[in-house]
Structures are given as structure tokens and as C-alpha cells.
Peer 1: 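Below is a structure I'd like to ask you about.
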Amino acid sequence: MNTQSIIVPRISTVPVHEPKARAILRWLVRKEIIQEALTTCGRTGNRMAYGIGPGARSVVLKPELLPYEDSVNGLEVVTDRCIFTPDVGFLHEAGCAECRREVGEALFDSLEDWMPGYTDNFTCPECGHEDDINGFLFLQPCAFSNLGFIFNNWQAAGLQQTFVDEFADWLDQPVANVSVLLRDS
Ligand SMILES: [Zn+2]
């Protein structure tokens with residue numbers, strides 16, 4: 001089964017997100033974690049992605065499981081508003097950070113308004129608490145943002161927490177590490 005490890009800032013609208021994405025890409029290339037040029041090693045659309053580099057071994061828990069032999073092994077960067085959830089096995093559960101009640105059904109329904117950008121926020125139907133939708137509680141890491149870094153088939157190797165934390169430093173935002181198992185493979 002194909003997997004994705006997706007690092008996503010836990011905020012709907014990252015300011016100046018495209019220059020930030022380019023700065024992060026330069027950092028990843030400098031550390032040889034990814035290749036500098038785009039090739040067809042991605043998964044979505046035209047499949048263009050930044051191929052895995054030798055430096056990737058230093059940022060994962062099990063380097064022997066990195067997808068060097070796999071044709072789909074690259075980093076895709078998403079700079080459009082997107083919903084990042086685990087796909088297979090996703091429970092659609094969410095809790096309110098204020099009243100702690102389960103609000104998953106209403107929250108995931110509200111993505112109809114979030115996706116076209118009518119709002120960045122969700123309001124708890126139980127207590128009225130309003131916050132950026134990423135401020136609610138998710139049992140399985142997921143995030144909703146205009147920026148996401150999709151590492152194709154790196155999940156078995158496992159991203160080191162220090163590597164994930166470096167994204168948070170670059171972005172000045174907490175990030176989610178979303179684990180995706182893909183349905184279609
Ligand atoms: Zn509430």
C-alpha cells in the first residue's frame with residue numbers, strides 16, 4: 001500500500017506561504033534530503049516532485065525503509081488550500097478544546113464552507129467556542145491549510161520528531177505530521 005507523510009502547519013492561512021515554501025525547499029536541498037530538480041517521482045497531477053536525496057537517511061527513524069527503489073519517492077509541495085486527513089481508517093472524530101465534547105460530524109460538515117475560503121474558523125455547536133479549525137482536537141493527526149509537504153512513501157521509515165519540529169521553526173507555527181494510507185493502491 002502506498003503511504004504519505006504530510007507535514008502541515010496547524011493554521012488555515014499561512015501568511016506569505018509561497019516564499020516560506022521556497023525557503024524550506026532550499027533548506028531541504030542544501031541538506032540533500034531532496035533533489036533540487038523536479039522529476040516524475042510524485043503521485044498527484046503531473047507527478048512532478050522533488051526526488052529523495054541521500055540526506056533523507058539522517059532525518060528518519062528507519063533509513064533502511066526509505067523508498068529509494070520506489071518510482072514514487074518524492075516530495076510534493078501543496079500551496080493551495082487543502083484538507084489533509086489519513087484517508088483509509090479515518091474516523092472523522094474531533095473534540096472541542098473548550099467544552100471537550102465530540103464535534104466531529106459538524107466540524108467535518110463545515111469543511112464545505114472552509115474549503116472555498118468563506119471562513120478559517122469553526123464554531124463549536126455545543127458551547128459556541130470559535131477558533132481556527134486547526135485549534136480543535138483531533139485523535140488522528142490531521143490539518144487544514146494552504147500549505148503542505150507530502151513525502152511520498154516515507155511513512156514506513158518514520159520522520160524523526162526533530163525533523164518535524166524544524167518545519168515548525170521555519171513556519172513559526174505548530175505542525176501536524178499526517179499519516180496517510182492511500183486507498184487506491
Ligand atoms: Zn465546545
Side-chain angles (χ1 to χ4, degrees), residues 2-29 31 33-34 42-45 48-50 52 56 59-61 67 72-95 97 103-104 107-122 131-183:
N2 280 307
T3 68
Q4 296 177 322
S5 298
I6 313 180
I7 298 183
V8 190
R10 297 192 56 211
I11 183 171
S12 295
T13 305
V14 176
V16 292
H17 66 303
E18 287 180 339
K20 279 186 181 164
R22 287 195 292 274
I24 288 172
L25 283 170
R26 284 195 294 274
W27 161 60
L28 293 170
V29 167
K31 307 268 269 182
I33 295 165
I34 56 167
R43 198 179 161 277
T44 43
M48 297 306 275
Y50 301 93
I52 188 170
V59 298
V60 298
L61 300 168
V72 179
N73 67 26
L75 166 66
E76 293 171 49
V77 181
V78 177
T79 53
D80 295 318
R81 204 167 172 93
C82 195
I83 297 163
F84 299 99
T85 60
D87 200 0
V88 172
F90 187 47
L91 300 170
H92 292 87
E93 286 180 359
V103 294
L107 183 143
F108 286 99
D109 283 351
S110 82
L111 289 171
E112 275 180 41
D113 291 329
W114 181 89
M115 195 60 205
Y118 299 144
T119 178
D120 284 354
N121 289 1
F122 174 67
D131 194 5
D132 187 289
I133 193 165
N134 292 278
F136 286 77
L137 310 172
F138 301 94
L139 200 61
Q140 298 160 294
C142 58
F144 315 88
S145 186
N146 61 348
L147 187 58
F149 297 85
I150 303 176
F151 293 90
N152 283 290
N153 288 327
W154 293 34
Q155 196 206 43
L159 304 181
Q160 290 178 11
Q161 188 59 45
T162 50
F163 181 55
V164 176
D165 292 344
E166 282 184 274
F167 281 81
D169 288 345
W170 276 102
L171 293 163
D172 277 326
Q173 297 291 340
V175 297
N177 178 4
V178 182
S179 278
V180 183
L181 298 177
L182 293 161
R183 201 179 292 280

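Predicted model only: the values in this text are computed from it and were never measured.
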Peer 1: Specify the closest pair of heavy atoms between A176 and A143, including all atoms of both residues, with the distance to one decimal.
Peer 2: CB-CB, 4.0 Å
Peer 1: Could you go through residues 15-27 and list every donor-acceptor pair under 3.5 Å that involves a side-chain atom there, pairing it with any protein atom two or more places apart or in another chain?
Peer 2:
{"from": "H17", "atom 1": "NE2", "to": "T79", "atom 2": "O", "distance (Å)": "2.9"}

Peer 1: Any donor-acceptor pair under 3.5 Å linking the side chain of Q4 with the backbone of R43?
Peer 2: no
Peer 1: Give me the atom names and distance for the closest heavy-atom approach of I52 to P67.
Peer 2: CD1-CD, 3.8 Å
Peer 1: In terms of ring plane angle, is the pair F151 and F167 parallel, tilted or perpendicular, where the classes change at 30° and 60°?
Peer 2: perpendicular
Peer 1: Could you state the interatomic distance from CG (L137) to CD (E93), rounded to the nearest 0.5 Å?
Peer 2: 12.0 Å
Peer 1: What I'd like to find out is whether the side chain of N177 reaches to under 4.5 Å of the side chain of S5, using heavy atoms alone.
Peer 2: yes
Peer 1: Working to the nearest 0.5 angstrom, can you tell me the gap between T3 OG1 and N152 CG?
Peer 2: 8.0 Å
Peer 1: Give a yes or no on this: more than 12 heavy atoms of other residues, nucleotides or ligands lie within 6.0 Å of atom CD of Q161.
Peer 2: yes
Peer 1: Can you find a pair of side-chain heavy atoms, one from I83 and one from F108, that are under 4.5 Å apart?
Peer 2: no
Peer 1: Can you name the closest pair of heavy atoms from P86 and P141 and give their distance?
Peer 2: CG-O, 4.0 Å
Peer 1: Can you tell which of N153, V180, L181 makes a side-chain contact (heavy atoms from CB on, under 4.5 Å) with N2?
Peer 2: N153
Peer 1: State, with a plain yes or no, whether a side-chain heavy atom of W154 is found less than 4.5 Å away from one of L75.
Peer 2: no
Peer 1: Do F163 and I33 have side chains that approach each other closer than 4.5 Å (heavy atoms only, starting at C-beta)?
Peer 2: yes
Peer 1: What distance do S145 atom OG and I6 atom CD1 have between them, rounded to the nearest 0.5 Å?
Peer 2: 11.5 Å
Peer 1: Evaluate the ring-ring contact (aromatic ring centres under 6.0 Å, His included) criterion for residues F144 and F122: first the C-alpha distance (whole Å), next the side-chain angles of each, then the deciding distance (0.1 Å), finally the verdict.
Peer 2: CA-CA 12 Å; F144 315 88; F122 174 67; over 10 Å; no
Peer 1: Donor-acceptor pair, distance only, cut-off 3.5 Å: does the side chain of N146 make one with the backbone of V14?
Peer 2: yes
Peer 1: Can you spot which of I11, L171, V8, V78 makes a side-chain contact (heavy atoms from CB on, under 4.5 Å) with L147?
Peer 2: L171
Peer 1: Is the shortest heavy-atom distance from the side chain of K31 to the side chain of V59 under 4.5 Å?
Peer 2: no
Peer 1: Could you give me the CA-CA distance, side-chain angles and deciding distance for V29 and I34, then say whether side-chain contact (heavy atoms from CB on, under 4.5 Å) is met?
Peer 2: CA-CA 5 Å; V29 167; I34 56 167; 3.9 Å; yes
Peer 1: For the residue pair S12 / D132, report whether a side-chain donor-acceptor contact shorter than 3.5 Å exists.
Peer 2: yes
Peer 1: Which atom pair, heavy atoms only, marks the closest approach of H92 to Q140?
Peer 2: N-OE1, 4.4 Å
Peer 1: Run the numbers on D120 and R81 for side-chain contact (heavy atoms from CB on, under 4.5 Å), then give the verdict.
Peer 2: CA-CA 10 Å; D120 284 354; R81 204 167 172 93; 2.8 Å; yes
Peer 1: How long is the span from the CD1 atom in I7 to the CZ atom in F149, to the nearest 0.5 Å?
Peer 2: 8.0 Å
Peer 1: Would you compute the distance between atom CG of L107 and atom CD1 of I133 and round it to the nearest 0.5 angstrom?
Peer 2: 4.0 Å
Peer 1: Test of understanding: with side-chain hydrogen bond (donor to acceptor under 3.5 Å, both in side chains), list the residues that count as partners of N73, not counting sequence neighbours.
Peer 2: none
Peer 1: If you compare all heavy atoms of A97 against all heavy atoms of G135, which two are closest, and at what distance to 0.1 Å?
Peer 2: CB-O, 3.7 Å
Peer 1: If only atom types and distance count, is the side chain of R10 paired as donor or acceptor with the main-chain N or O of N134 below 3.5 Å?
Peer 2: yes
Peer 1: What residues form a side-chain hydrogen bond (donor to acceptor under 3.5 Å, both in side chains) with E166, not counting sequence neighbours?
Peer 2: none
